[in-house]
Structure formats: C-alpha cells, structure tokens
There are 2 protein chains.
Amino acid sequence: MATIGDVAREAGVSRSTASYALSGKRPISEEVRRRVLAAAEALAYTPNAGARALATSRTKVLGLLARFYTDEFAPAMMQYIQGVTDTARDLGYDTLLVTDEDGARALRRITDSRMVDGVVLMNIAQDDPRLPILRAASQPGATVGLPGDCSGIDVFDLDFEEAGRAMVDHLHRLGHRELILISQPEHVVERGGAYVWRLRDAALERARQCGVTLHAVYGESRQPAVGRLLHTLLDTYPSATGLLVNNEAAAAALPSVAHERGLRVPEDLSVIGRYSAEFAAAFSLPYSFVESAPDRLGSMAVRQLVRRVESAAARREPFVVRFISPELVSRGSTTPPRATRPRTPAR
Amino acid sequence: MATIGDVAREAGVSRSTASYALSGKRPISEEVRRRVLAAAEALAYTPNAGARALATSRTKVLGLLARFYTDEFAPAMMQYIQGVTDTARDLGYDTLLVTDEDGARALRRITDSRMVDGVVLMNIAQDDPRLPILRAASQPGATVGLPGDCSGIDVFDLDFEEAGRAMVDHLHRLGHRELILISQPEHVVERGGAYVWRLRDAALERARQCGVTLHAVYGESRQPAVGRLLHTLLDTYPSATGLLVNNEAAAAALPSVAHERGLRVPEDLSVIGRYSAEFAAAFSLPYSFVESAPDRLGSMAVRQLVRRVESAAARREPFVVRFISPELVSRGSTTPPRATRPRTPAR
DNA sequence: CTGAAAGCGCTTACAG
DNA sequence: CTGAAAGCGCTTACAG
C-alpha cells in the first residue's frame with residue numbers, strides 16, 4: 001500500500017505538505033494541492049489507520065457492547081445495532097461489536113488499548129458491572145437503557161414509566177375498568193432489566209389512581225409457553241376487557257391465540273403492545289402499540305457520543321439522561337369495552 | 001495510560017527488555033521478568049493497539065460485512081454474527097461490524113486502511129461486487145455463502161443442493177409422490193441469493209429422477225402474506241402429501257395455518273423445514289428440519305481466516321469451498337402418506 | 001505557502 | 001541475558 005511518503009514523492013513535495021494538502025488543515029497553493037490529490041488518487045492512497053490513531057489519539061471507531069440473549073427478541077436487538085452502526089457511519093465512525101460474556105473485561109480491553117474513541121453499552125442492567133469501568137475510562141460512554149446510577153455517562157431510553165401510564169390512561173379513558181398486563185419473563189428482571197418493572201410499576205400505580213384493576217404478570221419469552229400463558233390469563237380473568245403487552249414474544253403469539261379462542265380484537269378485547277414499528281411489520285401485528293424506537297435510541301446515543309468525542313467543550317457538558325416519549329401508534333385495536341359500548345357502533 | 005516506557009522505568013530495565021519480558025519472545029532472567037510483570041500489573045499497563053498495529057502490521061481485528069435486510073429473518077442473522085464474534089474472541093480477535101449499504105466501498109476502506117487482518121463476508125450474492133475488492137486486498141477473506149466465483153477466497157456454506165435432495169429423498173422413501181416446496185421470496189433470488197435456487201433446482205431434479213411431482217414456488221417473507229400463501233398452496237394442490245419449507249417466515253407461520261385448516265401434521269401432511277435449531281426453539285416449531293447451522297458456519301469461516309492470518313504457510317494453501325452436510329433433525333413430522341399408509345400405524 | 005523534524009507507543013533486528 | 005536504536009506511517013508544532 002502507498003504511504004504518505006509515496007504520495008509526497010510522486011507529487012514532488014514534502015510529507016508534511018502532502019498531509020496538509022490532504023487534510024486541508026493549512027493553506028496550500030492550488031497548484032500543489034492539485035498535484036498531491038492527483039498523486040493520492042493515482043496511488044490509491046489510504047491512510048494507515050494505526051499510524052493515524054497513534055499520531056492523533058483518535059481511532060474513528062466506536063465500541064458497541066451488546067449481548068444476544070436467547071430470551072430477548074432478536075429482531076429488536078438487530079434494530080438497535082443497525083441504529084448504532086448506521087449513525088456511526090454517517091458521522092465517519094466504524095463500529096467494533098463486542099459480544100463477550102464478560103462485558104466488563106471486554107470493555108476494559110477496548111478502552112485501555114485505545115481501540116475506540118467512545119463506547120455504547122446495550123443490555124443495561126440496573127447495577128451494571130460495566131459502568132464503573134466506563135466511568136474510569138478516558139473515552140466517553142453512552143448507554144441505551146437506564147441503569148440505577150447514571151453518573152458519568154449519557155443515558156438514552158424509552159420512557160417506560162410514561163409508556164405504562166399512557167397504556168392505562170388510554171384504556172381507562174375508553175371506559176375499561178379491568179386490564180391485564182403481560183410483561184417480559186421474570187428472569188429478564190433478575191438479570192437487571194429495569195425497564196420491565198419501570199413500565200409495570202408505573203402502570204400499576206396509575207391504575208390504582210384511576211380505579212382500574214390491573215392484573216400484572218410476568219410472561220414467557222418463547223413459544224409455546226407464551227401462547228399457553230395467554231390462554232391461561234384470558235381464562236383466569238374473564239372480565240378483563242383490555243390487554244397490555246410489554247413482551248414481544250407474547251405480542252407475536254397473540255394473533256393465533258385470539259384466533260384459537262374466537263376472540264375478536266377490539267370487539268371482545270382491546271389490545272396495546274409495546275414494540276417497534278419494524279417488529280409490528282415483520283409479524284403484521286394488528287395492534288395499537290407504543291413505539292419503542294430502537295433505531296432512534298441507538299442513533300441518539302451515537303450522536304451524543306460523537307459530540308463528546310469531537311468537542312472538548314461538549315465533553316465538559318453535564319451528562320444527560322434522555323427519555324424518548326412513548327408514542328402510541330394507533331392500529332384500531334382498542335375500543336370502549338362491551339359493557340359500556342354505545343348501541344350504535346363507533347364509526 | 002501507562003506506556004511500555006513507564007513499565008520499563010518502574011522495573012528499572014530498558015523498553016526492549018520490558019517488551020520482551022511481556023511477550024516472552026526471548027529469554028529473560030527470572031528476576032527481571034518478575035519485576036517487569038509486577039510493574040505492568042501495578043501500572044495497569046495495556047499496550048496501545050494503534051502503536052502495536054503500526055509496529056507489527058497486525059491489528060487483531062477481523063472485519064465482518066453484513067447487511068440486515070428486512071426481508072431476511074433477523075434471528076438467523078444474529079446467529080451468524082454470534083458465531084463469528086464468539087469464535088473471533090476465542091482466537092484473540094475483535095470484530096469490526098460493517099453494515100454499510102455500499103459494501104464494496106466499505107470493504108475497500110477497512111482493508112486499505114489496514115484496520116483489519118482479515119474479512120468475513122455475509123449475505124453473499126451470486127455475483128457479489130465485494131469479491132473483486134476482497135481478492136485485490138492484501139488481507140485474506142472468507143465468505144459464509146457460495147458466490148458464483150469462488151476464486152481467491154475461502155467459502156463456507158450449507159450444502160443446499162444436498163439439502164434439497166435429502167428432503168425429497170426422505171419423503172419419497174416414505175411413499176410420497178406429490179410434494180410442495182416453498183422457497184424464499186423471489187426478490188431474495190433477484191438480490192443474488194443463490195442458495196434459494198440451489199436447493200430448489202436440486203430438489204426438482206431429484207424429484208424428476210424418482211418420479212415425484214414437486215410444486216416449487218417462491219414464498220413471501222412476511223406475515224400475513226406468507227400465511228395466505230400457505231393456504232393458497234394447500235388449496236391449489238389438495239393431493240400433495242408433503243411440504244418442504246425453505247423459508248423461515250413460512251415455517252413460523254405454518255403452525256397457525258395448519259391449526260386454522262384443522263390440518264394434522266404428520267397425519268394429513270408431512271413437513272420438513274430448513275432452519276437452525278435455535279430458530280426452531282424460538283418458535284417451538286414441531287417439524288423435522290434440515291439444520292442450517294449458522295453459528296457453525298460463522299465459526300468455521302473465522303477459524304480458516306485466522307489460520308491464514310497467522311501462518312504464512314496456511315496463506316499459501318489452496319482456497320477451499322467447504323460445505324456443511326445437511327443434517328436432518330427428526331421431530332416426527334413426517335410419515336407415510338394417507339393413501340399408501342399401512343393399516344397398522346408405524347410405531 | 002512550504003519543509004525538516006519531532007513524536008505518537010510499540011516491536012525487533014543489531015550489538016554486546 | 002540485556003540495551004540502544006531504528007522503524008512502522010502518520011500529524012503537527014516549529015522555522016522560514
């Protein structure tokens with residue numbers, strides 16, 4: 001591969017001039033610039049990334065720490081990753097994907113060795129062992145997901161509490177008085193997935209406030225267990241008129257379960273899910289849902305990270321905890337409950 | 001961060017001695033080695049990756065070029081990626097994940113700048129524009145997926161032709177004489193996904209040879225279209241007794257379709273799928289299937305790649321095209337067809 | 001506007 | 001067994 005020395009020789013200038021002509025960091029005569037660019041083009045010159053990193057202390061690489069848990073829904077994970085890699089690329093960064101089981105150790109490795117300019121953490125746990133390491137690192141870090149302690153990092157997440165309240169409010173306003181909430185499996189919570197109980201607790205609290213009975217249960221993450229659970233729930237609470245689904249697998253299983261029971265949505269049961277539009281499309285889910293916006297969250301985390309990487313001023317700004325407001329996307333799967341529904345059908 | 005100079009000073013030796021003590025590349029007195037290791041430990045020394053790459057021309061990073069197409073099933077993609085990242089890590093490599101739309105350009109960028117020691121290409125097309133660039137690169141490359149021209153690279157794939165034949169043979173031996181094969185959507189083929197017609201053509205050929213009627217159709221990749229298509233197919237070919245499914249979305253949709261039609265598997269219809277065990281588990285698919293082994297393929301590609309990276313001798317070996325033999329995992333979803341089924345049920 | 005030189009942090013022949 | 005030095009390929013203050 002051609003080096004900057006080759007380019008300089010070809011253009012008949014010094015290496016520093018070649019470098020400046022290429023970077024534009026100081027004025028270069030039009031004639032010389034032309035010769036350097038032509039030489040670089042002719043030799044197909046590409047700077048050596050290691051050498052540049054050594055000289056500038058910048059790698060133009062971001063670390064992405066993610067785990068692919070088999071009990072979390074893969075398509076959602078892919079969207080977060082896509083959001084991160086796409087935005088990083090737009091901003092001129094490549095992405096080092098790290099899926100090590102020991103995330104703390106891996107994080108230390110990539111930051112201490114200066115392989116990356118910044119780090120995005122996914123699959124955040126309430127008490128995440130990677131956070132102390134990230135705080136001690138010299139590179140900035142951002143998380144997708146809300147940890148217990150947000151100090152020293154930028155945090156991005158869906159406002160799950162607001163999502164829980166919005167779901168309850170929506171059905172309460174329509175006249176529902178008894179609802180079921182099916183959450184992620186309990187072991188997701190045990191692993192530290194705070195988003196599960198954030199939505200759940202807020203929904204329970206809001207339900208209490210407005211006199212709605214809310215049966216909140218943890219779900220399963222796989223077929224057929226999750227389908228069986230849905231049947232059981234609908235059997236157990238026959239007077240419940242609305243179903244809130246904070247569990248992708250349950251949402252995906254619901255159409256067949258409804259079909260098997262001859263249950264019409266929304267006539268017999270109002271349904272609101274919480275997942276991404278992409279997920280809804282993949283499974284053609286016919287339910288209104290709170291958009292979880294994985295691509296947007298990944299993108300936001302990267303943008304903030306890159307700001308801190310590239311600007312000393314930005315690096316001194318206070319850390320942020322930014323929530324995306326839940327957006328309820330209507331698919332017509334909610335309606336007033338049977339009991340209070342007007343004689344004339346709503347149009 | 002501490003440098004090797006800091007470690008050397010702390011240990012009271014030269015930088016070269018510190019380096020050798022750490023790498024073990026030449027004999028060091030026990031006493032000195034101890035001091036150096038202690039100093040490195042005390043200073044939490046981690047070599048600077050850029051400096052090391054510059055000095056050794058090795059980055060210990062592999063490139064992984066993958067696309068997340070919305071019409072390909074995300075969970076399968078995740079397994080390939082996991083296979084690659086896990087194996088890379090086991091062998092001491094990190095993974096640069098590149099999802100650029102313009103894969104050829106991205107590939108040139110990461111190879112020319114020497115960010116990676118080798119590259120794994122996924123989502124291989126019959127005439128893949130990345131391959132000429134990979135062949136011209138100085139780093140070795142491997143693909144998961146069979147391109148039209150395999151020269152200059154190592155290729156790993158499931159033997160889709162053998163899979164097609166195995167599916168037909170299996171049902172033919174049981175006495176079936178009319179089968180349906182539902183493949184991936186046609187636009188996957190148009191994008192260059194040769195594996196679709198490799199399985200299809202081989203199945204058709206084998207069917208012809210053994211006098212089996214095979215209705216081969218391209219499928220859909222999304223609900224509810226794929227479900228509707230399954231209904232249509234079963235309506236159109238009422239005398240078909242077996243269904244071959246080379247389409248993940250169709251496989252996932254089949255249980256509800258069968259339920260809706262009151263169709264029993266295998267009593268009324270024998271079924272064989274082609275997907276991974278992990279996929280089968282996620283959707284609890286009750287069908288016998290040809291294991292597509294995504295994690296194993298990703299792992300094999302990385303192993304071969306690393307061999308070539310680390311050994312000049314291995315780098316001179318002839319390039320390989322390695323097929324995984326399809327393994328038919330029985331889940332009891334096939335049986336002799338109604339017409340010819342013996343009175344006494346098979347045990 | 002341009003060049004010669006130092007320096008980033010490693011590794012590894014070369015000398016002893 | 002150990003050290004002084006060169007070199008990997010960049011960038012960027014320093015000088016002119």
Side-chain angles (χ1 to χ4, degrees), chain A residues 1-37 39-40 43-61 109-117 138-139 310, chain B residues 1-37 39-40 43-61 109-117 138-139 310:
Chain A
M1 280 297 340
T3 71
I4 189 120
D6 300 326
V7 173
R9 192 175 322 113
E10 176 83 9
V13 298
S14 72
R15 299 194 306 154
S16 58
T17 299
S19 177
Y20 283 120
L22 257 16
S23 71
K25 287 192 182 170
R26 79 178 184 191
I28 298 283
S29 72
E30 196 43 43
E31 158 64 5
V32 166
R33 137 166 287 123
R34 212 192 316 276
R35 289 214 312 270
V36 170
L37 294 186
L43 300 173
Y45 169 70
T46 308
N48 179 297
R52 177 171 276 180
L54 186 56
T56 63
S57 303
R58 288 287 163 75
T59 63
K60 288 287 187 175
V61 174
R109 174 166 48 77
I110 66 171
T111 53
D112 281 1
S113 67
R114 327 229 81 162
M115 299 179 79
V116 295
D117 292 340
S138 51
Q139 297 96 329
E310 300 192 340
Chain B
M1 282 298 341
T3 71
I4 189 118
D6 299 327
V7 173
R9 192 175 322 111
E10 176 83 8
V13 298
S14 72
R15 297 195 307 152
S16 57
T17 298
S19 178
Y20 283 120
L22 257 16
S23 71
K25 286 192 183 170
R26 80 177 184 190
I28 298 284
S29 72
E30 197 43 43
E31 159 64 7
V32 168
R33 136 165 290 122
R34 212 193 315 278
R35 288 213 313 271
V36 171
L37 294 186
L43 299 173
Y45 168 70
T46 308
N48 179 298
R52 175 171 277 181
L54 186 55
T56 63
S57 303
R58 288 286 163 75
T59 63
K60 289 286 187 175
V61 174
R109 174 166 48 77
I110 65 170
T111 52
D112 281 2
S113 66
R114 326 229 83 162
M115 299 179 79
V116 296
D117 292 339
S138 50
Q139 298 95 330
E310 300 191 340

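Here is the naming used below: chain letters follow the sequence lines, and residue numbers restart at 1 for every chain.
- Side-chain contact between B/Ile4 and B/Leu22 is present, with at least one heavy-atom pair separated by less than 4.5 Å.
- As rounded to whole Å, 8 Å separates atom C1' of C/dC10 from atom CG of A/Leu54.
- Rounding to whole angstrom units, CZ of residue A/Arg35 and P of C/dC1 are separated by 15 Å.
- Atom-to-atom distance recorded for A/Gln139:CD and A/Ser57:OG is 10.5 Å, nearest 0.5 angstrom.
- If you take CZ of B/Arg58 and C1' of C/dG9, they are 19 Å apart, rounded to a whole angstrom.
- Nucleotide C/dC10 holds its P atom 17 Å from the NZ atom of B/Lys60, rounded to whole Å.
- For the pair B/Val36 and B/Ile28, the minimum side-chain heavy-atom distance is 4.5 Å or more.
- Distance from the side chain of A/Pro27 is smallest to C/dC1 among D/dC10, C/dC1, C/dA4.
- A search for side-chain hydrogen bond (donor to acceptor under 3.5 Å, both in side chains) contacts involving A/Ser113 returns nothing, not counting sequence neighbours.
- A distance of 10.5 Å separates CG of A/Asp6 from CZ of A/Arg15, quoted to the nearest 0.5 Å.
- Comparing C/dT2, D/dG3, C/dG3 by their nearest atom to the side chain of A/Ser29 picks out C/dT2.
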- prompt: Dot-bracket for DNA chain C: what is it, with Watson-Crick or G-U pairs under 3.5 Å, [ ] where a pair crosses earlier ones, and | for a pair to another strand?
  reply: |||.||||||||.|||

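- Taking atom CG of A/Leu22 as the reference point, atom C1' of D/dC10 lies 11 Å away to the nearest angstrom.
- Put simply, CZ on B/Arg9 is 13 Å from C1' on C/dG9, counting in whole angstrom units.
- Between the C1' atom of C/dC8 and the CG atom of B/Asn48 lies a distance of 8 Å, rounded to the nearest Å.
- Using a distance-only test at 3.5 Å, with no hydrogens or angles considered, no donor-acceptor pair links the side chain of A/Glu10 to the main chain of A/Leu43.
- A distance of 10.5 Å separates CZ of A/Arg58 from CZ of A/Arg114, quoted to the nearest 0.5 Å.
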- prompt: Quick one: what's the B/S/- string for nucleotides 11-16 of chain D, heavy-atom cutoff under 4.0 Å, read 5' to 3'?
  reply: BBBB--

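- Note that the OG atom of B/Ser19 and the CZ atom of B/Arg52 stand 8.0 Å from one another [nearest 0.5 Å].
- To the nearest 0.5 Å, atom OG1 of residue A/Thr46 and atom CE of residue B/Met115 are 11.5 Å apart.
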